[in-house]
**Q** 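Starting off with a structure, shown below.
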Amino acid sequence: ETEGSVRDAQNLLEQVRFAYVAVLKQQVLQVLGRISDEQLFALIQIILQGNVGALLTYMHEQSLKQYAPRALWHGLHTWFRQALVASYGSVQHNQCIDALVKQGDAERWTGYLELLYEHELIFAKTTAQHDLLETLLIRMCLIKRSSTLTAAPITKHVSSKESFLAVPKKKTESLSEAITDKRWHN
């Protein structure tokens, strides 16, 4: 957060010290707008369960919109990548990663990472980063098996000023078909 600046680091520490009685990890994370590993682990477990209702409830209860969206994006990427590497037998991981590896396979972790990578430029440009993250998390939640992963991005660029999210009109329709559907154009 401070990009190597000692003065900025001291200022952040002072913010925590004046805002709270004790300087604890949770308070530092809150001041930095970062999500804790425990919260991120719980979020990923809900995604793996495929329960959109539980996902939306958890996001609301944890007030995920208060966290820096780039930090959340980075955390998801890091955990998905660690789970992918661990699924191939890497020995450098923790108990949480072990638990995730038991719940998902390498194809699923790869699919989640691809979904993040496919939307990375849109995420960087949008002013609604939290909303895009929410949509991507819902999309991840809806992926039941690795065989249902699709490579098509869920967004379609309409003009240089706006974009929209495509919603399939029926279960069997792919997202790319929904995106090109004339009903979604002006």
Side-chain angles (χ1 to χ4, degrees), residues 1-17 19-20 23-48 52 54-86 92-94 96-97 100 104 108-143 149-158 160-166 175:
E1 288 297 316
T2 61
E3 297 178 5
S5 169
V6 174
R7 183 176 297 154
D8 289 347
Q10 286 176 324
N11 287 339
L12 281 173
L13 189 56
E14 289 297 317
Q15 286 179 24
V16 175
R17 193 171 68 87
Y20 302 98
V23 177
L24 302 172
K25 179 182 177 182
Q26 189 59 36
Q27 284 80 24
V28 173
L29 288 172
Q30 191 170 8
V31 167
L32 295 175
R34 302 276 178 148
I35 189 168
S36 72
D37 287 344
E38 294 79 15
Q39 290 170 300
L40 199 52
F41 177 68
L43 178 66
I44 294 171
Q45 285 189 310
I46 293 168
I47 291 169
L48 289 169
V52 175
L55 173 71
L56 295 173
T57 299
Y58 182 77
M59 292 174 69
H60 176 73
E61 288 173 351
Q62 297 297 314
S63 302
L64 290 187
K65 288 195 176 196
Q66 76 178 346
Y67 298 105
R70 289 184 189 273
L72 184 54
W73 183 281
H74 177 72
L76 288 167
H77 172 268
T78 300
W79 279 63
F80 291 154
R81 188 174 181 292
Q82 287 178 2
L84 174 63
V85 171
Q92 297 180 338
H93 51 275
N94 62 33
C96 291
I97 296 297
L100 292 178
R108 179 173 266 191
W109 304 122
T110 302
Y112 291 164
L113 286 167
E114 286 175 349
L115 193 61
L116 289 176
Y117 291 139
E118 288 166 357
H119 295 87
E120 192 168 20
L121 288 176
I122 296 165
F123 179 77
K125 292 179 181 181
T126 187
T127 58
Q129 290 180 328
H130 284 104
D131 294 336
L132 179 58
L133 266 174
E134 179 181 86
T135 303
L136 292 174
L137 292 173
I138 291 169
R139 177 73 179 112
M140 289 174 194
C141 205
L142 293 173
I143 298 171
L149 293 173
T150 61
I154 60 172
T155 57
K156 165 78 174 152
H157 190 67
V158 177
S160 61
K161 295 181 182 173
E162 63 179 318
S163 66
F164 64 90
L165 297 174
L175 287 172

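Model, not experiment: these values are computed from the prediction.
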**Q** Is any side-chain heavy atom of Trp109 less than 4.5 Å from a side-chain heavy atom of Leu100?
**A**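 Yes; the side chains approach each other to less than 4.5 Å.
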
**Q** Using a 4.5 Å cut-off on heavy atoms from C-beta on, say whether the side chain of Arg108 contacts that of Phe80.
**A**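 A side-chain contact is absent here, since even the closest heavy-atom pair is not under 4.5 Å.
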
**Q** Is there a side-chain contact between Phe123 and Leu133 (heavy atoms, below 4.5 Å)?
**A**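 Of all side-chain heavy-atom pairs linking Leu133 with Phe123, at least one is under 4.5 Å.
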
**Q** Please check: side-chain N/O of Thr78 versus main-chain N/O of His74, any donor-acceptor pairing under 3.5 Å?
**A**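 Checking the backbone N and O of His74 against the side chain of Thr78, a donor-acceptor pair under 3.5 Å is found.
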
**Q** About how many Å separate CG of Leu64 and CD of Glu134, when rounded to the nearest 0.5 Å?
**A**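 Taking CD in Glu134 and CG in Leu64, the distance rounds to 9.5 Å.
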
**Q** Kindly write out the residues that satisfy side chain to side chain contact (heavy atoms under 4.5 Å, CB included) with Thr57, not counting sequence neighbours, or none if the list is empty.
**A** Glu61

**Q** Considering only residues two or more places apart or on different chains, which pairs with a residue in residues 64-79 satisfy salt bridge (charged side-chain N to carboxylate O under 4.0 Å, His left out)?
**A**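 Sorted result for residues 64-79: Lys65-Asp131.
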
**Q** Looking at residues at least two apart in the chain, or sitting in another chain, which of them share a side-chain hydrogen bond (donor to acceptor under 3.5 Å, both in side chains) with Glu120?
**A**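 Partners of Glu120 by the side-chain hydrogen bond (donor to acceptor under 3.5 Å, both in side chains) criterion come out as none, since no residue qualifies.
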
**Q** Check the orientation of Trp79 and Phe41. Use parallel for under 30°, tilted for 30 to 60°, and perpendicular for over 60°.
**A**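 Trp79 and Phe41: tilted rings.
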
**Q** Any chance the side chains of Tyr67 and Gln39 put a donor and an acceptor closer than 3.5 Å?
**A** yes

**Q** Check ring pair (Phe, Tyr, Trp, His ring centres under 6.0 Å) between Tyr58 and all other residues, then give those that pass, not counting sequence neighbours.
**A**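 If we apply the ring pair (Phe, Tyr, Trp, His ring centres under 6.0 Å) test to Tyr58, skipping adjacent residues, there are no hits.
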
**Q** Within a strict 4.5 Å, meaning less than it, do heavy atoms of the Tyr112 and Leu136 side chains meet?
**A**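 No, side chains not in contact.
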
**Q** Can you name the side-chain hydrogen bond (donor to acceptor under 3.5 Å, both in side chains) partners of His77, sequence neighbours left out?
**A**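 For His77 the side-chain hydrogen bond (donor to acceptor under 3.5 Å, both in side chains) partners, ignoring immediate neighbours, are Tyr117.
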
**Q** How long is the gap from OG1 on Thr127 to CG on Leu132, to the nearest 0.5 Å?
**A**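 That separation rounds to 10.5 Å.
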
**Q** Less than 4.5 Å apart, side chain to side chain, heavy atoms only: is that true for Leu137 and Met140?
**A** yes

**Q** For Val52, enumerate each residue passing the side chain to side chain contact (heavy atoms under 4.5 Å, CB included) test, keeping only those at least two apart in sequence or located in another chain.
**A**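 For Val52, the residues satisfying side chain to side chain contact (heavy atoms under 4.5 Å, CB included) (neighbours in sequence not counted) are Leu56, Ile138, Cys141, Leu142.
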
**Q** Distance from Leu43 atom CG to Leu76 atom CG, nearest 0.5 Å?
**A**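 With rounding to 0.5 Å, CG (Leu43) is 6.0 Å from CG (Leu76).
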
**Q** Does the side chain to side chain contact (heavy atoms under 4.5 Å, CB included) test come out yes or no for Leu115 and Glu118, once each step is laid out?
**A** CA-CA 5 Å; Leu115 193 61; Glu118 288 166 357; 4.2 Å; yes

**Q** To the nearest 0.5 angstrom, please state how far the NE2 atom of His119 sits from the CD atom of Gln129.
**A**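 So the NE2 of His119 and the CD of Gln129 are separated by 14.0 Å.
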
**Q** Ile97 and Gln82: which non-hydrogen atoms are nearest, and at how many Å?
**A**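 Scanning both residues completely, I find the closest heavy atoms to be CD1-OE1, 3.4 Å.
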
**Q** Which heavy atom in Leu40 sits nearest to a heavy atom in Leu72, and how many Å separate them?
**A**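 Shortest heavy-atom contact: CD1-CD1, 3.8 Å.
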
